[in-house]
Amino acid sequence: MKLATWNVNSLKVRLGHVQEWLTANPVDVLCLQELKLTDDKFPIAELAAHGYTAHFTGQKTYNGVAILVNHAKVGEATDIVRNLPNFPDEQQRLISATIAGTRIVCGYFPNGQSLESDKFVYKLKWLDALTHWLAGEMANHPRLALLGDYNIAPEDRDVHDPKAWEGQNLVSPQEREAFARLEGLGLRDAFRLFDQPEKIFSWWDYRMGAFRRNAGLRIDHILLSAALAERCTACEVDPVPRKWEQPSDHAPVVATLAA
DNA sequence: ATGGCATGACAATCATGA
């Protein structure tokens with residue numbers, strides 16, 4: 001079973017990229033973030049034509065998340081839940097579904113903007129609510145995967161220039177502690193289950209030729225419960241779509257699970 | 001040097017991203 005996550009930065013603009021990527025990478029589950037469209041604009045038929053059933057919760061201009069399911073391989077998803085039940089929120093940032101006995105949680109974590117911002121307070125509150133809700137969710141679903149754009153680089157090795165970024169939004173101690181609390185629930189960072197090359201990132205700024213210079217951050221993650229981590233045989237970032245014309249600033253991340 | 005680039009709403013700039 002292959003699980004993937006990709007912040008597409010507008011599904012309207014990136015639909016062709018998603019279709020092309022799925023054709024080359026027919027994963028079983030693809031979690032999408034930053035749809036930037038309302039539910040009535042979601043390209044259900046265009047994704048169905050590629051073999052994927054979509055479950056989504058959208059929003060005008062901002063946010064929006066979806067879970068795409070290769071139904072021929074893994075069947076249909078059940079028990080779709082939108083948002084955090086313990087955190088009333090206008091912003092559409094979370095969707096969960098059960099697929100082939102695995103609980104899939106797809107999240108677009110708040111950016112935070114800066115440590116002085118109200119948005120940073122919101123980010124930490126959202127993370128706290130997510131962590132508390134996940135504790136119960138994991139008790140009900142031993143096989144659970146949390147995929148998405150976390151907007152947190154967990155360690156300095158996930159940052160192209162740790163000195164320049166020290167203490168800033170996306171790498172601050174508060175955010176890294178929140179990430180560690182997720183791990184404290186028993187979740188494992190699939191990427192770090194394996195030896196990895198240095199300087200692997202999942203996001204590069206559109207500006208200043210950041211991708212060409214590999215000036216990026218690893219902020220998109222797949223966290224796995226113990227029952228899934230022991231079955232995980234690989235986890236990789238796919239930088240290829242970042243090289244395409246008019247790309248998302250994020251790259252897909254893929255985890256492979258043995259049967 | 002607080003820019004730079006991209007997207008969407010809106011109709012010239014502005015909010016947001018990370």
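Just so we're on the same page: letters track the sequence lines, and every chain starts at 1.
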Review point. For His250(A) and dA18(B), is the shortest distance between a side-chain N/O and OP1 or OP2 below 4.0 Å?
Key: yes

**Study point:** Qualifying residues under salt bridge (Lys or Arg N to Asp or Glu O under 4.0 Å), relative to Glu155(A), sequence neighbours excluded
**Key:** Arg157(A)

Check your understanding: For atom C1', what is the distance between dG17(B) and dG3(B), given to the nearest Å?
Key -> 16 Å

Point to revise | Atom pair distance, as rounded to whole Å: OH in Tyr206(A) and P in dG3(B) | key: 20 Å

Point to revise | Atom C1', compared across dT2(B) and dT16(B): separation rounded to whole Å | key: 16 Å

Check your understanding: Would you call Arg192(A) and Asp158(A) a salt bridge, using N to O less than 4.0 angstrom?
Key -> yes

**Study point:** Distance test, side-chain N/O of Arg14(A) to OP1/OP2 of dA6(B), below 4.0 Å
**Key:** no

Check your understanding: Between the side chains of Tyr206(A) and Asn9(A), does any donor sit under 3.5 Å from an acceptor?
Key -> yes

Check your understanding: Under 4.0 Å: is that the gap between some side-chain N or O of Tyr122(A) and OP1 or OP2 of dT16(B)?
Key -> no

Practice item. Nearest whole angstrom, please: distance from the P of dG8(B) to the CG of Asn63(A). Key: 14 Å

Exercise for review: Nearest whole angstrom, please: distance from the P of dA15(B) to the CD of Gln59(A).
Suggested key: 17 Å

Review point. What is the nucleic acid contact for Asn151(A), judged by heavy atoms within less than 4.0 Å: base, sugar-phosphate only, or nothing?
Key: sugar-phosphate

Practice item. Assign each of Ser10(A) and Trp165(A) to its nearest nucleotide of DNA chain B by heavy atoms, then name whichever residue's nucleotide is nearer the 5' end. Key: Ser10(A)

Exercise for review: Run the numbers on Thr38(A) and Lys60(A) for side chain to side chain donor-acceptor pair (under 3.5 Å), then give the verdict.
Suggested key: CA-CA 5 Å; Thr38(A) 48; Lys60(A) 191 175 182 180; over 6 Å; no

Check your understanding: Taking the side chain of Tyr62(A) as its heavy atoms from C-beta onward, which of dG8(B), dA18(B), dT16(B) lies nearest to it?
Key -> dT16(B)

Check your understanding: Under a 4.5 Å cut-off applied to non-hydrogen side-chain atoms, are Ser10(A) and Leu37(A) in contact?
Key -> no

Exercise for review: Would you please confirm or rule out a distance under 4.0 Å between OP1 or OP2 of dA15(B) and any side-chain N or O of Gln113(A)?
Suggested key: no

Review point. Base, sugar-phosphate, or nothing: which does Asn7(A) touch, judged by heavy atoms less than 4.0 Å apart?
Key: sugar-phosphate

Review point. Any donor-acceptor pair under 3.5 Å joining the side chain of Asn111(A) to the base of dA18(B)?
Key: yes

Practice item. For DNA chain B, find the residues of residues 207-214 of chain A with a heavy-atom distance under 4.0 Å and give them by number; none if there aren't any. Key: Arg207(A), Met208(A)

Point to revise | dC14(B) and dA18(B), which share atom name P, separated by this distance in whole Å | key: 22 Å

Check your understanding: What is the distance from CG of Leu37(A) to P of dA6(B), rounded to the nearest Å?
Key -> 20 Å

Practice item. Could you check how far NZ of Lys119(A) sits from C1' of dA15(B), rounded to whole Å? Key: 8 Å

Point to revise | Val121(A): hydrophobic cluster co-members (side-chain, 4.5 Å) | key: none

Check your understanding: Any salt bridge between Arg176(A) and Asp156(A), counting N to O under 4.0 Å?
Key -> yes

Review point. What integer distance in Å separates Glu34(A):CD from dT16(B):P?
Key: 13 Å

Check your understanding: For Gln168(A), which contact category applies under a 4.0 Å heavy-atom criterion: base, sugar-phosphate, or nothing?
Key -> nothing

Review point. Whole Å only: how far is the CG atom of Leu11(A) from the C1' atom of dT7(B)?
Key: 13 Å

Exercise for review: Evaluate the criterion side chain to side chain donor-acceptor pair (under 3.5 Å) for residue pair Trp21(A) and Asp238(A); output intermediate values, then yes/no.
Suggested key: CA-CA 10 Å; Trp21(A) 190 80; Asp238(A) 181 3; 2.7 Å; yes

Practice item. In whole angstrom, give the distance that lies between atom CD of Gln246(A) and atom P of dG8(B). Key: 9 Å

